[in-house]
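What you see is a predicted model, and the numbers here were worked out from it, not measured in a lab.
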Amino acid sequence: MEENELKNSKEETAGETVPDLGKFKSVDALLRAYGELEAEFTRRSQKLKALEEASVQKSAEAGAVREDDLYRMVNENEGVRARVLSDYLASLKGVPLLTNSGVGVTAKNVVPKTFQEAGSIALGYLKKSKE
(Lines give C-alpha, C1' and ligand atoms only; values in the text may rest on other atoms or scores of the structure.)
Protein backbone atom coordinates (compact mmCIF):
# COMPACT_ATOMS: atom_id res chain seq x y z
CA MET A 1 0.00 0.00 0.00
CA GLU A 2 2.90 2.35 0.72
CA GLU A 3 4.18 1.79 -2.75
CA ASN A 4 0.82 2.85 -4.25
CA GLU A 5 0.79 5.98 -2.06
CA LEU A 6 4.27 6.87 -3.21
CA LYS A 7 3.21 6.48 -6.83
CA ASN A 8 0.12 8.65 -6.22
CA SER A 9 2.00 11.39 -4.38
CA LYS A 10 5.06 11.53 -6.61
CA GLU A 11 5.82 11.28 -10.24
CA GLU A 12 9.12 10.31 -11.70
CA THR A 13 10.43 12.54 -14.46
CA ALA A 14 13.82 11.85 -16.04
CA GLY A 15 15.08 10.11 -12.93
CA GLU A 16 13.92 12.87 -10.54
CA THR A 17 11.17 12.48 -7.99
CA VAL A 18 8.62 15.31 -8.25
CA PRO A 19 6.08 15.80 -5.42
CA ASP A 20 2.38 15.82 -6.26
CA LEU A 21 1.34 19.50 -6.06
CA GLY A 22 -2.34 18.96 -6.70
CA LYS A 23 -3.79 21.80 -8.76
CA PHE A 24 -0.50 23.76 -8.70
CA LYS A 25 1.79 23.40 -11.68
CA SER A 26 5.02 24.16 -9.86
CA VAL A 27 6.49 24.58 -6.40
CA ASP A 28 6.79 28.34 -7.07
CA ALA A 29 3.05 28.56 -7.80
CA LEU A 30 2.33 26.66 -4.58
CA LEU A 31 4.60 28.95 -2.54
CA ARG A 32 3.04 32.07 -4.09
CA ALA A 33 -0.47 30.81 -3.27
CA TYR A 34 0.60 29.98 0.28
CA GLY A 35 2.03 33.49 0.73
CA GLU A 36 -1.21 35.05 -0.52
CA LEU A 37 -3.24 32.81 1.78
CA GLU A 38 -1.05 33.67 4.76
CA ALA A 39 -1.36 37.43 4.04
CA GLU A 40 -5.14 37.16 3.77
CA PHE A 41 -5.30 35.19 7.02
CA THR A 42 -3.24 37.89 8.76
CA ARG A 43 -5.51 40.67 7.41
CA ARG A 44 -8.64 38.86 8.58
CA SER A 45 -7.14 38.12 12.00
CA GLN A 46 -6.24 41.80 12.45
CA LYS A 47 -9.73 42.88 11.35
CA LEU A 48 -11.34 40.38 13.75
CA LYS A 49 -9.16 41.60 16.62
CA ALA A 50 -10.09 45.23 15.89
CA LEU A 51 -13.80 44.34 15.80
CA GLU A 52 -13.52 42.43 19.11
CA GLU A 53 -11.73 45.38 20.78
CA ALA A 54 -14.38 47.79 19.50
CA SER A 55 -17.12 45.51 20.81
CA VAL A 56 -15.51 45.29 24.26
CA GLN A 57 -15.08 49.07 24.37
CA LYS A 58 -18.69 49.62 23.33
CA SER A 59 -19.93 47.16 25.98
CA ALA A 60 -17.87 48.88 28.70
CA GLU A 61 -19.23 52.29 27.71
CA ALA A 62 -22.80 50.95 27.65
CA GLY A 63 -22.32 49.44 31.13
CA ALA A 64 -21.12 52.77 32.51
CA VAL A 65 -24.08 54.55 30.96
CA ARG A 66 -26.51 52.01 32.42
CA GLU A 67 -24.97 52.39 35.90
CA ASP A 68 -25.16 56.20 35.69
CA ASP A 69 -28.75 56.02 34.45
CA LEU A 70 -29.71 53.65 37.27
CA TYR A 71 -28.12 55.92 39.88
CA ARG A 72 -29.91 58.96 38.44
CA MET A 73 -33.26 57.15 38.36
CA VAL A 74 -32.93 55.95 41.97
CA ASN A 75 -32.03 59.43 43.16
CA GLU A 76 -34.97 60.93 41.32
CA ASN A 77 -37.45 58.45 42.85
CA GLU A 78 -38.00 59.26 46.53
CA GLY A 79 -39.80 55.96 47.20
CA VAL A 80 -37.00 53.80 45.81
CA ARG A 81 -34.33 55.86 47.56
CA ALA A 82 -36.14 55.54 50.91
CA ARG A 83 -36.58 51.80 50.42
CA VAL A 84 -32.89 51.25 49.64
CA LEU A 85 -31.82 53.30 52.65
CA SER A 86 -34.33 51.54 54.90
CA ASP A 87 -33.12 48.10 53.77
CA TYR A 88 -29.51 49.12 54.37
CA LEU A 89 -30.18 50.44 57.87
CA ALA A 90 -32.23 47.35 58.72
CA SER A 91 -29.28 45.16 57.75
CA LEU A 92 -27.08 46.82 60.39
CA LYS A 93 -26.99 45.31 63.86
CA GLY A 94 -27.76 48.48 65.79
CA VAL A 95 -26.95 52.07 64.96
CA PRO A 96 -23.25 52.82 64.48
CA LEU A 97 -22.15 55.83 66.55
CA LEU A 98 -18.86 57.73 66.38
CA THR A 99 -17.22 59.08 69.51
CA ASN A 100 -14.64 61.86 69.85
CA SER A 101 -11.84 59.44 69.05
CA GLY A 102 -13.51 58.42 65.80
CA VAL A 103 -13.93 54.85 67.02
CA GLY A 104 -17.25 53.35 66.04
CA VAL A 105 -19.48 51.63 68.54
CA THR A 106 -22.67 49.76 67.85
CA ALA A 107 -25.68 50.70 69.93
CA LYS A 108 -28.54 48.37 70.71
CA ASN A 109 -31.86 49.43 69.27
CA VAL A 110 -33.42 51.11 72.32
CA VAL A 111 -36.39 53.44 72.01
CA PRO A 112 -36.46 55.90 74.92
CA LYS A 113 -39.83 56.98 76.24
CA THR A 114 -38.73 60.44 77.42
CA PHE A 115 -36.14 63.02 76.50
CA GLN A 116 -34.44 62.52 79.86
CA GLU A 117 -34.18 58.76 79.23
CA ALA A 118 -32.65 59.45 75.80
CA GLY A 119 -30.03 61.69 77.39
CA SER A 120 -29.07 59.09 79.99
CA ILE A 121 -28.77 56.37 77.32
CA ALA A 122 -26.49 58.61 75.23
CA LEU A 123 -24.33 59.43 78.28
CA GLY A 124 -24.08 55.74 79.06
CA TYR A 125 -22.74 55.03 75.54
CA LEU A 126 -20.22 57.87 75.82
CA LYS A 127 -18.99 56.72 79.24
CA LYS A 128 -18.56 53.13 78.00
CA SER A 129 -16.57 54.29 74.99
CA LYS A 130 -14.05 56.11 77.25
CA GLU A 131 -13.39 52.93 79.22
Residues forming a side-chain hydrogen bond (donor to acceptor under 3.5 Å, both in side chains) with Tyr71, sequence neighbours excluded: Asn75
Nearest 0.5 Å, what's the [atom1]-[atom2] distance between [X] and [Y]?
X: Ser120; Y: Lys127; atom1: OG; atom2: NZ; result: 9.5 Å
X: Leu126; Y: Ile121; atom1: CG; atom2: CD1; result: 12.0 Å
X: Leu31; Y: Glu36; atom1: CG; atom2: CD; result: 11.5 Å

Cluster check Val74, Leu85: I/L/V/M/F/W/Y, side chain < 4.5 angstrom: no
Shared hydrophobic cluster for Tyr34 and Leu30 (ILVMFWY, side-chain gaps under 4.5 Å):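 No, because Tyr34 and Leu30 fall into different hydrophobic clusters, even though each may have its own neighbours under 4.5 Å.
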Heavy-atom pair with the smallest gap, counting every atom of Leu21 and Ser26: CD1-C, 3.2 Å
Sidechain-backbone polar pair: Ser55 side chain, Leu51 backbone, donor-acceptor under 3.5 Å: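 It does not hold such a pair.
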Arg72: partners by side-chain contact (heavy atoms from CB on, under 4.5 Å), with sequence neighbours left out: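 Listed in chain order: Asp69, Glu76.
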Test side-chain hydrogen bond (donor to acceptor under 3.5 Å, both in side chains) applied to Glu53 and Gln57, step by step: CA-CA 6 Å; Glu53 289 173 355; Gln57 180 66 27; over 6 Å; no
Salt bridge (Lys or Arg N to Asp or Glu O under 4.0 Å) assessment of Glu40 paired with Arg43: CA-CA 5 Å; Glu40 180 63 23; Arg43 279 191 296 276; 2.7 Å; yes
Full working for salt bridge (Lys or Arg N to Asp or Glu O under 4.0 Å) between Glu78 and Arg81: CA-CA 5 Å; Glu78 184 66 31; Arg81 188 171 48 192; 2.3 Å; yes
